[in-house]
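As the structure is a computational prediction, the values presented were derived from the model and not from experiment.
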Amino acid sequence: MKQLMLGNAAVARGLYEAGCCVISSYPGTPSTEITEEAAKYDDIYCEWAPNEKVAMEVAFGACLAGKRSFCAMKHVGLNVAADPLFTMSYTGVNAGMVIGVADDAGMHSSQNEQDSRHHAIASKVPMLEPSDSAEALAFAKLAYQLSEEFDTPVLLKMCTRIAHSQSLVELHDRVVPETRPYEKNIGKYVMMPGNAKRRHPFVEERTRKLTEWAETAPVNRVEMGGTGLGVITSSTSYQYVKEVFGDSVSVLKLGMVNPLPVKLILDFAAKVNKLAVVEELDPIIENHCRQLGLDVMGKDVLPLEDEFSQNLIAAKLGGTVHTGVALEDAIPPRPPVMCAGCPHRGLFYTLSKNKCTVLGDIGCYTLGAVAPLAAMDMTLCMGASISAIHGFNKARGAETEGKTVAVIGDSTFMHSGMTGLANIAYNQSNSTVIILDNSITGMTGHQQNPTTGYNIKGDPAGKIDLEQLCKAMGFNRVRVVDPYDLKACDQAVKEELAADEPSVIISRRPCALLKYVKHEAPLAVDAAKCVGCKNCMKIGCPAISIKEGKAHVDNTLCVGCGVCEQLCGVKAFHSTKKEG
């Protein structure tokens, strides 16, 4: 059966058909939907991990146990997971393990534009790169075959356009291979220096074998057309080249981008008069061709930055540039801003009013840096706000301690903020850290995290108590404020900045959009615990009413968003799993 499918959904389908059993990921655009779609298959255990390093290690543990596994992340997430990746290249796998990474050329939702192919080359791990949804499904299945045949994790590289575009795919049944027995093997899996030295030659020999496989692999194919120009390309660039030139040029389409073939490229080059390499971002294929002694057009005419397009390739390589249709009226710009009702607005307004230096972090709250709030001075990477404020205040001391804060979201804090906070507690800088707890992972589309109390399917799960966690880490001053209460917010910021010890402010109010998000778990109220404070009424939920002084939830209207549960200080609200 054929079906129109998003690239990320096609990857998920490929994982399902290949018999993948365990998936652990951290949400990151443009990779998020792979795990969200996979979670719809009850045969696969799926989870959101606190960060990408943990996700990759979970997937490794599952493959070690003999089950096929997967983890997904965006390109910057692969930086976080690089530590296990490089050593997993040495250990190899037991059952197949695939790592999905999605690059974001054009930086639609990212802080940099790195090329993940460098990670594949540096870690000496094979990488497949699909150019449409059909290949996304097929390559996901192929990746498991390669993983088990060559004893290696395999990287599956997506990009924004392939991840978020739709094309036809052919669906097949799920086939689950037999569980591979786990056998203790210290020389293979315990990477202390003596064993690692013996595994390194295996990695080099594996690369040679994979290069031989790439020479005749069907994922690398030649499409002969006109011989005046030959183009070597991959991924979304292949689609652009075909749209611009059709069969008027010859194309070598590469589906495996590490390791790259040698003889296949040389044979193709010999059949054309002129050779060009079309690839987004860095000249990985181009440099490989130059090392083979080939004269190629590449980054001398094509840019190193941003996404490519049909017109760009046509303009640079001599095709027809289509002008399209232009509107006569100038369209006013619409810069990104925080959502209406966003709880972070009140907190950032307070920081702006107090003229604070704000070291920020990665999340939807990064928009606090732009007009009209303009209340953020730095954003680097996940968790850097807390580590950076420690260094900032250690460098300047009392000069900055009373007017500088770190701001980090609840999900980002669980991802990479705890170690920075531990550093403040251990090395004692007088720093004020603000955790923006909107009770969800907002930027990537409302995914659960360890502080929300729900798992990926919306069922009740373990929940980290931020206040108790911060106190356990050694902070005496931990307080919670409602960012809608501007007076209390201002008082909290002033008092904690004036204090002569490190402190944590938790700015807590659920994301204003949460009440529109449907989960599987409706809510119930324990009347014995309800004190009738009516705080739950403040969100304007049509499912909540007060009867005889107690809260009441109409589960025919409840969508299980959990906002009232987050607001209830006495824990009178609790989730109930939806029957059926």
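- In this structure, the separation between CG on L351 and CD1 on I434 is 4.5 Å, given to the nearest 0.5 Å.
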Check the pair Y365 / N438 against side chain to side chain contact (heavy atoms under 4.5 Å, CB included), numbers first and verdict last.
CA-CA 10 Å; Y365 52 89; N438 65 351; over 6 Å; no

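- With no hydrogens or angles considered, no side-chain donor-acceptor pair links S235 and S237 at under 3.5 Å.
- D361 and T412 share no donor-acceptor pair across their side chains, judged by distance under 3.5 Å alone.
- At distances below 3.5 Å, not a single donor-acceptor pair connects side-chain atoms of R117 with backbone N or O atoms of V257.
- Under a 4.0 Å N-O distance rule, the pair R290/E286 qualifies as a salt bridge.
- V277 pairs with exactly one of I285, T233, L302 by the side chain to side chain contact (heavy atoms under 4.5 Å, CB included) rule, that one being I285.
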Could you walk me through whether K157 and E129 satisfy the salt bridge (Lys or Arg N to Asp or Glu O under 4.0 Å) test, starting with their C-alpha distance in whole Å, then the side-chain angles of each, then the deciding distance to 0.1 Å, before giving a yes or no?
CA-CA 5 Å; K157 178 181 176 290; E129 187 171 24; 2.6 Å; yes

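- In this structure a side-chain-to-backbone donor-acceptor pair under 3.5 Å is missing from N220 to L254.
- Between K299 and E279 there is no salt bridge, since no side-chain N of the basic residue sits under 4.0 Å from a carboxylate O of the acidic one.
- Under the 4.0 Å criterion applied to side-chain N and carboxylate O atoms, R206 and E204 are not assigned as salt-bridge partners.
- With sequence neighbours left out, the salt bridge (Lys or Arg N to Asp or Glu O under 4.0 Å) criterion links E36 to no other residue.
- Distance check: M443 CE to I362 CD1 gives 6.5 Å after rounding to the nearest 0.5 Å.
- Looking only at atom types and distance, the side chain of N393 has a donor-acceptor partner in the side chain of S431 under 3.5 Å away.
- Qualifying ring-ring contact (aromatic ring centres under 6.0 Å, His included) partners for Y26, counting only residues two or more places apart in sequence or in other chains: H415.
- Remark: the backbone N or O of C364 is not paired with any side-chain donor or acceptor of H344 at under 3.5 angstrom.
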Given the rule in the side-chain hydrogen bond (donor to acceptor under 3.5 Å, both in side chains) test, do N449 and T451 qualify, once you have shown the distances and angles that lead to the verdict?
CA-CA 6 Å; N449 68 63; T451 72; 2.7 Å; yes

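- Aromatic ring pairs are classed by plane angle as parallel below 30°, tilted from 30° to 60° and perpendicular above 60°; the pair Y90 and H200 is parallel.
- Side-chain atoms of H322 and Q310 form no donor-acceptor pair, as typed in the model, at a separation below 3.5 Å.
- When the ring-ring contact (aromatic ring centres under 6.0 Å, His included) test is applied to F268, no partner is found at least two apart in sequence or on another chain.
- A donor-acceptor pair under 3.5 Å is formed between the side chain of S69 and the backbone N or O of A59.
- Between E135 and K253 there is a salt bridge, with a side-chain nitrogen of the basic residue lying less than 4.0 Å from a carboxylate oxygen of the acidic one.
- Residues meeting the ring-ring contact (aromatic ring centres under 6.0 Å, His included) test with H118, sequence neighbours left out: none.
- Between M73 atom CE and S31 atom OG the span is 7.5 Å, to the nearest 0.5 Å.
- For the 3.5 Å distance criterion, the side chains of N79 and Q114 qualify, holding a donor opposite an acceptor.
- Here E52 does not pair with K74 in a salt bridge; the nearest charged N to carboxylate O distance is not below 4.0 Å.
- A side chain to side chain contact (heavy atoms under 4.5 Å, CB included) with V222 is found for one member of D267, L264, V251 and no other, namely L264.
- Both tests pass for R221 against the ring of Y238: distance under 6.0 Å to the centre and angle within 45° of the axis.
- Side-chain atoms of H75 and N112 include a donor-acceptor pair closer than 3.5 Å.
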As a quick check of understanding, evaluate side-chain hydrogen bond (donor to acceptor under 3.5 Å, both in side chains) for Q447 and T444, giving each step before the final call.
CA-CA 7 Å; Q447 291 78 30; T444 48; 2.5 Å; yes

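- N258 places a side-chain N or O within donor-acceptor distance of the main-chain N or O of A120, the cut-off being under 3.5 Å.
- For the salt bridge (Lys or Arg N to Asp or Glu O under 4.0 Å) test, no residue two or more places apart in sequence or in another chain qualifies with K209.
- Checked by atom type, the side-chain pair S167/D132 shows no donor-acceptor distance below 3.5 Å.
- No side-chain donor-acceptor contact under 3.5 Å links N195 to the backbone of M191.
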Would M158 and V101 satisfy side chain to side chain contact (heavy atoms under 4.5 Å, CB included), going step by step from the backbone distance to the final call?
CA-CA 6 Å; M158 302 289 281; V101 58; over 6 Å; no

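- One distance of note links CD1 of I121 with OG1 of T207; it measures 11.0 Å at 0.5 Å rounding.
- More than 12 heavy atoms of other shown residues, nucleotides or ligands fall within 6.0 angstrom of atom NZ in K188.
- Checked by atom type, the side-chain pair H390/S429 shows a donor-acceptor distance below 3.5 Å.
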Working note: R161 + D103, criterion salt bridge (Lys or Arg N to Asp or Glu O under 4.0 Å); need CA distance, chi angles, decisive distance, verdict.
CA-CA 10 Å; R161 292 301 164 190; D103 283 10; over 6 Å; no

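- One side chain, E47 or S24, offers a donor N or O that lies under 3.5 Å from an acceptor on the other.
- Annotation: side chain to side chain donor-acceptor pair (under 3.5 Å) contacts involving residues 14-23, sequence neighbours excluded, comprise R13-E17, E17-K141.
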